[in-house]
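Written out below as structure tokens is the structure these notes cover.
Ligands are counted one by one from 1 in listed order, and the atoms in each one are counted from 1 as well. Quick caveat: nothing in here was measured; it's all calculated off a predicted structure. Numbers here are sequence positions counted from 1.
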Amino acid sequence: MSIKFVDLQKQYASIKEEIDEAIAKVVRETAFIKGKYVEEFEEAFAEKIGVKHCIGVANGTDALFVALDSVGIGRGDDVITVANSWISTSESISLTGANPVFIDIDEDYFNIDVSKIEDKITKYTKAVLPVHLYGQPAKIEEIKAICDKYDLFLIEDCAQAHFTTSKGRNVGTFGDAGTFSFYPGKNLGAYGDAGAVVTNDDRLAKNVRMFANHGQLKKHDHWMEGINSRLDGIQAAILSVKLKYIDEWNKKRNEHGRLYNELLADVEEVQTPELRDNTFHTFHLYVIRADSRDGLKAFLDMKGVETAIHYPNPLPMLQAYKHMRYKANDFPVANYYKDRILSLPMYPELTEEEIRTVAEEIKNYYLTLRL
Ligand SMILES: *Cc1c(COP(=O)(O)O)cnc(C)c1O
């Protein structure tokens, strides 16, 4: 028996005809770059999220970079972000010439510890970049209040949180801009790289659109230098098909997360993810904190259960940030949990039986440990 960490083939099989037809149509019409399929997706995504503008870009990292650059972040600026994320979060800050300023995660929800933000604000601080990690919303209302108080831009990294909500409102709509990745394994995934920036700000939308397309809105009318970061027609057409199913898929992920929580509730060595009141957790990842994590991971591997670690090291501890001379105890929470976190199989098509098997094997592991 083997239980995959993610199984993209199962999802493709469930919508194969629609996807194949969508791809064939783009090819028949050679609508490869920009064009009607990109526009259709941008409009549908903006409407569903509840914002005025969606600008498709080449990937989620570019979405962050383009959004930061377009609000005017650059050399000499500080951008406050979180110690536990995928490197794109901080990489995109550095790409603008600004400096990432890392903040530890909170004990309960693995997102930026809001109580530590104000201490780090200086005259150089221009923006806060929280991440809604694993599909769990950051405490975005509180972060927004701090940004308003200090007149800082708020850019939300929603790469792992498509249609995650807080008090009924989609993440990505609280800040000046929200950025999304449609990497294949994300909750809403393309069949290659893709991303988007969403915003309600007309001027920002225009800047983002220009910067991501060589500084032009009309061909050969370059207002500035930009980059080439566009959403492909084929990816857009695929995303439009998948957008119709995202609520159903997110609902399944949420149910799977709750079932895991229930089944693992009485395993003393395991701490399951907490759900916050008045939020909808879309469980891009289902991450437990486990005693003797490496042993558990090896045991599950032997039993055919694939797992992963998100992430093995907090961002400031990576070689890439060595020059910042952070010490592990600068981020005590992230540092403590990095050796305990374990991501279990999670995708909509996972069956109840598979989830029960994973939970059983986890229990078996701790039973053998106790013998
Ligand atoms: C995936 C991801 C990104 C980057 O997305 P790409 O499309 O791979 O460039 C950014 N931030 C977070 C938190 C992510 O998980």
Side-chain angles (χ1 to χ4, degrees), residues 5-6 8 41 45 54-69 73 79-96 100 102-103 105 109-112 127-138 140 143 154-164 171-172 175 177-198 208 212 227-232 234-236 238-239 242 250 253 273 281-287 308-316 318 320-321 334 338 341 343 346-347:
F5 183 66
V6 196
L8 297 179
F41 174 69
F45 193 71
C54 166
I55 303 100
V57 295
N59 56 67
T61 311
D62 280 1
L64 282 163
F65 169 55
V66 166
L68 288 164
D69 186 277
I73 305 293
V79 177
I80 290 175
T81 193
V82 62
N84 188 34
S85 184
W86 172 242
I87 193 169
S88 302
T89 306
S90 46
E91 204 174 37
S92 59
I93 296 169
S94 305
L95 274 172
T96 67
F102 295 104
I103 292 202
I105 54 171
Y109 307 110
F110 282 94
N111 278 317
I112 191 166
V128 180
L129 173 39
V131 182
H132 303 289
L133 199 72
Y134 307 153
Q136 172 89 279
I140 194 67
I143 298 169
L154 173 56
I155 311 289
E156 299 172 69
D157 183 344
C158 310
Q160 301 191 4
H162 314 72
F163 306 102
T164 287
V171 299
T179 69
F180 290 86
S181 164
F182 305 119
Y183 178 80
K186 298 284 159 84
N187 287 24
L188 181 63
Y191 286 7
D193 278 313
V197 177
V198 301
V208 165
I227 61 170
N228 176 359
S229 183
R230 298 177 297 220
L231 178 60
D232 291 354
I234 288 180
Q235 302 307 340
I238 290 165
L239 289 167
K242 293 181 78 172
N250 277 341
R253 286 175 182 271
H281 190 326
T282 52
F283 282 105
H284 172 57
L285 295 167
Y286 180 84
V287 181
I309 298 168
H310 299 86
Y311 295 91
N313 274 302
L315 293 173
L318 296 173
Y321 298 109
K338 81 173 170 58
I341 48 180
S343 310
M346 173 56 83
Y347 53 93

What heavy-atom pair brings Ala190 and Leu239 nearest, and what distance separates the two atoms? N-CD2, 3.8 Å
Looking at side-chain heavy atoms only, is the closest gap between Asn111 and Val82 below 4.5 Å? no
Trace of the side-chain contact (heavy atoms from CB on, under 4.5 Å) decision for Lys242 with Tyr191: CA-CA 11 Å; Lys242 293 181 78 172; Tyr191 286 7; 4.0 Å; yes
How are the rings of Phe182 and Phe45 set relative to one another: parallel (under 30°), tilted (30 to 60°) or perpendicular (over 60°)? perpendicular
Just checking, is any N or O donor in the side chain of Thr164 or Thr282 under 3.5 Å from an acceptor N or O on the other one? yes
Ring pair (Phe, Tyr, Trp, His ring centres under 6.0 Å) between Phe180 and His162, worked out: CA-CA 7 Å; Phe180 290 86; His162 314 72; 5.5 Å; yes
With the criterion set at N/O pairs under 3.5 Å, what does the list of contacts between the protein and ligand 1 look like, atom names and distances included?
{"unit_1": "ligand 1", "atom_1": "5 (O)", "unit_2": "Ser181", "atom_2": "OG", "d": "3.2"}
{"unit_1": "ligand 1", "atom_1": "7 (O)", "unit_2": "Gly60", "atom_2": "N", "d": "2.7"}
{"unit_1": "ligand 1", "atom_1": "7 (O)", "unit_2": "Ser181", "atom_2": "OG", "d": "2.7"}
{"unit_1": "ligand 1", "atom_1": "9 (O)", "unit_2": "Gly60", "atom_2": "N", "d": "3.3"}
{"unit_1": "ligand 1", "atom_1": "9 (O)", "unit_2": "Thr61", "atom_2": "N", "d": "2.8"}
{"unit_1": "ligand 1", "atom_1": "9 (O)", "unit_2": "Thr61", "atom_2": "OG1", "d": "2.5"}
{"unit_1": "ligand 1", "atom_1": "11 (N)", "unit_2": "Asp157", "atom_2": "OD1", "d": "3.3"}
{"unit_1": "ligand 1", "atom_1": "11 (N)", "unit_2": "Asp157", "atom_2": "OD2", "d": "2.8"}
{"unit_1": "ligand 1", "atom_1": "15 (O)", "unit_2": "Gln160", "atom_2": "NE2", "d": "2.8"}
{"unit_1": "ligand 1", "atom_1": "15 (O)", "unit_2": "Lys186", "atom_2": "NZ", "d": "3.1"}

